[in-house]
Amino acid sequence: QLQLVESGGGLVQAGGSLRLSCTASRRFYTSAVVAWFRQPPGKEREFVALTRSFDRTTYADTVKGRFTISRLTGGNTVYLQMNNLKPEDTAVYYCAHSSRYGLDVQTYDTWGQGTQVTVSS
C-alpha cells in the first residue's frame, strides 16, 4: 500500500521561502495525480497545487505565482517550493495521491500525516 511522508515545514518570516517534500514508499506512476492541500487553523482543508502526467500542473489562485510544484519522472518525491510566504499561508500542509484528476479532498485516497508551516508577520 502506498504511503506518503511530508517534510520541510517550519517557521518562517513573511516574505521567506520553504520547500516541502512528499516522499512515497514507491515510485509514482506516470499517470498518478499528486497534490498538496493545506488546512489553516479552524478551517477546512483546501487545495493548493497538483502535478500529473506530462508535467501538467494546477494551482489555487491564492498561491499562483508564488508556489511551484514539481516531481522527477519516475521518482518517488514531489516538491512544493513556496516563495514570498504570507501569514495567511500558515497551515498544516498535506500531500495526497489519486489515480484521478480533481481539486477536492474526496478525489484523493492516500494522504500523508501533514507538516506544519507557520509564517510570522
When rounded to the nearest 0.5 Å, the distance separating CD of Q81 from CZ of F67 is 9.5 Å
Where is the tightest heavy-atom contact between W36 and E6, given as atom of each residue plus distance? CZ3-CG, 3.7 Å
Supply the atom-to-atom distance R66 CZ to K64 NZ, rounded to the nearest 0.5 angstrom. 12.5 Å
Scan the side chains in residues 114-121 for donor-acceptor partners under 3.5 Å anywhere in the protein, sequence neighbours excluded, and list what turns up.
{"residue": "T115", "atom": "OG1", "partner": "G9", "partner atom": "N", "Å": "3.2"}
{"residue": "Q116", "atom": "NE2", "partner": "A91", "partner atom": "O", "Å": "3.4"}
{"residue": "Q116", "atom": "NE2", "partner": "T118", "partner atom": "OG1", "Å": "3.3"}

Should L2 and V105 be counted in the same cluster of Ile, Leu, Val, Met, Phe, Trp and Tyr side chains packed under 4.5 Å apart? no
Summary of disulfide (SG to SG under 2.5 Å) pairs that have at least one residue in residues 62-113, sequence neighbours excluded: C22-C95
Kindly write out the residues that satisfy side-chain contact (heavy atoms from CB on, under 4.5 Å) with S70, not counting sequence neighbours, or none if the list is empty. Y79
Determine, stepwise, if the pair L4 / T110 fulfils side-chain contact (heavy atoms from CB on, under 4.5 Å). CA-CA 7 Å; L4 305 174; T110 303; 4.0 Å; yes
Name all residues meeting the side-chain contact (heavy atoms from CB on, under 4.5 Å) criterion together with S99; count only those two or more places apart in sequence or in a different chain, and write none if there are none. none
When clusters are formed by joining ILVMFWY residues with side-chain heavy atoms under 4.5 Å apart, either directly or through shared neighbours, do L18 and Y94 land in the same one? no
Would you mind listing every ring pair (Phe, Tyr, Trp, His ring centres under 6.0 Å) that reaches into residues 97-121, with sequence neighbours excluded? F37-Y108, F37-W111
Kindly work out whether a path of hydrophobic side-chain contacts (I/L/V/M/F/W/Y, heavy atoms less than 4.5 Å apart) joins V5 to V92. no
Does M82 belong to the same Ile/Leu/Val/Met/Phe/Trp/Tyr cluster as I69, with side-chain heavy atoms less than 4.5 Å apart forming each link? yes
Got a sec, which pairs hit side chain to side chain donor-acceptor pair (under 3.5 Å) with one end in residues 12-34, sequence neighbours left out? S17-N83
Do the side chains of V33 and V78 join up, straight or via other hydrophobic residues, at under 4.5 Å, putting them in one cluster? no
Could you walk me through whether Y59 and T68 satisfy the side-chain contact (heavy atoms from CB on, under 4.5 Å) test, starting with their C-alpha distance in whole Å, then the side-chain angles of each, then the deciding distance to 0.1 Å, before giving a yes or no? CA-CA 8 Å; Y59 295 92; T68 303; 3.8 Å; yes
Atom CD of Q3 with >12 non-hydrogen neighbours under 6.0 angstrom: no
Residues forming a side-chain contact (heavy atoms from CB on, under 4.5 Å) with T107, sequence neighbours excluded: S98, R100, D104
Name all residues meeting the side chain to side chain donor-acceptor pair (under 3.5 Å) criterion together with D55; count only those two or more places apart in sequence or in a different chain, and write none if there are none. none
Side-chain donor-acceptor distances from residues 38-53 under 3.5 Å, at least two apart:
{"residue": "R38", "atom": "NE", "partner": "E46", "partner atom": "OE2", "Å": "2.7"}
{"residue": "R38", "atom": "NH1", "partner": "D89", "partner atom": "OD1", "Å": "2.9"}
{"residue": "R38", "atom": "NH1", "partner": "Y93", "partner atom": "OH", "Å": "3.0"}
{"residue": "R38", "atom": "NH2", "partner": "E46", "partner atom": "OE2", "Å": "3.3"}
{"residue": "Q39", "atom": "OE1", "partner": "R45", "partner atom": "NE", "Å": "3.4"}
{"residue": "Q39", "atom": "OE1", "partner": "R45", "partner atom": "NH2", "Å": "3.4"}
{"residue": "Q39", "atom": "NE2", "partner": "K43", "partner atom": "O", "Å": "3.1"}
{"residue": "S53", "atom": "OG", "partner": "R56", "partner atom": "NH2", "Å": "2.7"}

